[in-house]
Amino acid sequence: MNTKIVKTDTDNIEEIQEAGNIIRQGGLVAFPTETVYGLGASALDEQAAAKVYAAKGRPSDNPLIVHVCNRKMVKPLVKAIPKVAEKLMDAFWPGPLTLVFEKSDIVPKGTTGGLNTVAIRYPNHPIANRLIEAAGVPIAAPSANLSGKPSPTLGEHVIDDMDGRIDMIIDGGMVGMGLESTIIDVTVEPPMVLRPGFITYEMAKGAVGQLNIDQAVLKKPEEGVKPKAPGMKYRHYAPAADYSIYKGEAEQVAKKIIVLANEKSNQGIKVGIITADQHLKLYEGKLYENIKIVSLGDLDKPETIANKLFKTLRDFDKEGTQFIFGEAFAEDNVGWAIMNRLTKAAGYNIVDV
């Protein structure tokens with residue numbers, strides 16, 4: 001398949017219209033959102049959804065998120081809109097929040113991974129919303145990467161994974177956030193967090209009063225469990241390298257990582273280290289020259305860490321890094337979402353120091 005790649009913004013109406021036509025006719029288009037790039041297909045077309053799973057190599061029981069460009073589009077897709085959902089939509093839509101509803105009959109189970117529920121979000125990105133409007137249908141869109149790899153935050157990441165697999169890639173540059181949306185199930189009372197994101201537990205609880213957390217978010221998923229939302233079961237966000245996370249007091253963690261990284265480097269193995277701005281000084285002058293150390297950002301500004309997370313993992317892949325030693329980050333507020341992604345990327349390989 002020849003993939004058309006366009007660098008565009010909302011002013012390029014013709015290209016957005018072309019992309020909308022592709023979606024409407026059952027094709028696939030990758031596009032930017034404020035979180036990560038999405039791989040879009042008509043949410044109402046079961047065959048188009050099947051193409052998404054095939055292009056990504058994604059397990060067919062892993063549900064897709066349906067994207068809308070206004071709240072009126074939600075009603076035909078669901079059996080009911082609970083009051084708690086209205087509160088969350090009032091507070092956080094458009095934005096990085098996905099809500100799980102009981103689905104209506106017009107949403108095929110091929111879109112929902114066989115579930116009777118549907119995950120819906122209204123993105124806060126002009127290209128995404130123009131594309132949905134041009135398509136004239138809700139768009140089912142998981143992240144636009146090969147299944148299991150780090151999510152794409154740049155157009156070039158999508159090109160690396162999807163060129164030749166889909167009809168069009170809209171390259172809109174770097175996304176703003178770099179972490180997938182928060183997912184909250186509103187089919188249960190109290191509502192339940194299924195995936196953390198930029199809309200934090202504290203923010204969502206402030207809007208609805210009571211809020212639970214699915215225990216599957218807090219631990220390694222069990223075998224045979226059917227995922228209720230994307231990212232709950234399968235290996236996600238993983239680099240090609242063997243990645244371990246070290247948790248503890250910063251100086252002790254750095255000492256441990258320095259020893260291990262230098263040992264691997266001595267064996268001729270290509271090594272990477274993930275840290276934060278405030279900890280770079282702990283490594284100065286103590287690492288062999290061929291070890292690459294990358295700061296994800298400022299610990300006092302977790303949004304900088306989130307934005308750079310997936311790009312860093314992909315950069316290590318491109319450089320042929322074989323081992324990555326990373327620090328753990330505080331799990332308060334957005335930090336919970338950051339550590340959720342890093343923990344999955346490391347295959348739950350966390351070492352207490």
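If you're wondering where the values come from, they're calculated on a predicted model, not measured in any experiment.
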Legend entry - Within 6.0 angstrom of Gln47 CD, more than 12 heavy atoms from elsewhere: no
Inset, instruction - Kindly check if the number of other-residue, nucleotide or ligand heavy atoms within 6.0 Å of CD (Gln210) is above 12? - result: no
What heavy-atom pair brings [X] and [Y] nearest, and what distance separates the two atoms?
X      : Y      : value
Gly172 : Ile127 : CA-CD1, 4.3 Å
Leu131 : Gly20  : CD1-N, 3.6 Å
Asp45  : Gly26  : OD2-CA, 3.8 Å
Leu282 : Ile258 : O-CD1, 3.7 Å
Val188 : Asp185 : CG2-O, 3.7 Å
Thr321 : Ala241 : O-CB, 3.3 Å

Checking the side chain of [X] only, and the main-chain atoms of [Y] only, is there a donor and an acceptor separated by less than 3.5 Å?
X      : Y      : answer
Thr111 : Ala43  : yes
Lys308 : Ser295 : yes
Asn340 : Thr343 : no
Asn333 : Gly335 : no
Ser42  : Leu44  : yes
His279 : Asp277 : no
Lys103 : Val107 : yes
Glu46  : Gly110 : yes
Ser104 : Pro76  : yes
His157 : Thr153 : yes

Carboxylate-amine/guanidinium contact [X] [Y], below 4.0 Å:
X      : Y      : answer
Lys4   : Glu18  : yes
Glu251 : Lys281 : no
Asp160 : Lys149 : no
Glu180 : Arg341 : yes
Lys270 : Glu319 : no

Legend entry - Phe316: partners by ring pair (Phe, Tyr, Trp, His ring centres under 6.0 Å), with sequence neighbours left out: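 Testing Phe316 for ring pair (Phe, Tyr, Trp, His ring centres under 6.0 Å), a comparison that skips the adjacent residues, returns none.
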Inset, instruction - Output the rest of the hydrophobic cluster of Met1: all Ile, Leu, Val, Met, Phe, Trp and Tyr residues reachable through side-chain heavy-atom contacts under 4.5 Å, sorted by chain and number. - result: none
Inset, instruction - Mind telling me whether Tyr201 and Trp336 have parallel, tilted or perpendicular rings, with 30° and 60° as the class edges? - result: perpendicular
Tell me whether [Y] is reachable from [X] by hopping between hydrophobic residues (I, L, V, M, F, W, Y) whose side-chain heavy atoms are closer than 4.5 Å.
X      : Y      : answer
Met174 : Phe198 : no
Leu211 : Leu99  : yes
Ile120 : Val208 : yes
Ile257 : Ile305 : no
Leu296 : Leu154 : no

Legend entry - Donor + acceptor pair across side chains of Thr275, Glu327 (<3.5 Å):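 The answer is yes; a qualifying pair exists.
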Legend entry - Any side-chain donor near an acceptor of the partner, Asn262 and Lys286, under 3.5 Å: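 No pair is found: no donor N or O on one side chain lies under 3.5 Å from an acceptor on the other.
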Inset, instruction - Starting from the C-alpha separation in whole Å, work towards a yes-or-no answer on side chain to side chain contact (heavy atoms under 4.5 Å, CB included) for Leu342 and Tyr243. - result: CA-CA 9 Å; Leu342 288 177; Tyr243 176 27; 3.4 Å; yes
How about [X] and [Y]: do any of their side-chain heavy atoms sit closer than 4.5 Å?
X      : Y      : answer
Phe323 : Leu260 : no
Phe325 : Lys264 : yes
Pro123 : Pro94  : no
Ile184 : Thr98  : no
Pro142 : Val52  : yes
Ile274 : Ile324 : yes

Inset, instruction - Begin with the C-alpha distance, continue with both residues' side-chain angles, and end with the deciding distance and a verdict on side chain to side chain donor-acceptor pair (under 3.5 Å) for Asp298 and Thr304. - result: CA-CA 6 Å; Asp298 186 340; Thr304 63; over 6 Å; no
Inset, instruction - Could you please spell out the steps behind the side chain to side chain contact (heavy atoms under 4.5 Å, CB included) verdict for Leu77 and Phe101? - result: CA-CA 9 Å; Leu77 305 175; Phe101 300 87; over 6 Å; no
Inset, instruction - Output, in order, the C-alpha distance, side-chain angles, deciding distance and verdict of side chain to side chain contact (heavy atoms under 4.5 Å, CB included) for Met162 and Ile169. - result: CA-CA 8 Å; Met162 290 293 149; Ile169 296 170; 4.3 Å; yes
Inset, instruction - Take Ile338 and Glu331 through the side chain to side chain contact (heavy atoms under 4.5 Å, CB included) test and state the conclusion after the steps. - result: CA-CA 8 Å; Ile338 291 168; Glu331 296 188 47; over 6 Å; no
Legend entry - Candidates Lys318, Arg314, Lys311, Lys7 - the one meeting salt bridge (Lys or Arg N to Asp or Glu O under 4.0 Å) with Glu156: Lys318
Inset, instruction - Could you check Thr35 against Ser181 for side chain to side chain donor-acceptor pair (under 3.5 Å), going step by step and ending with a plain yes or no? - result: CA-CA 6 Å; Thr35 58; Ser181 61; 5.9 Å; no
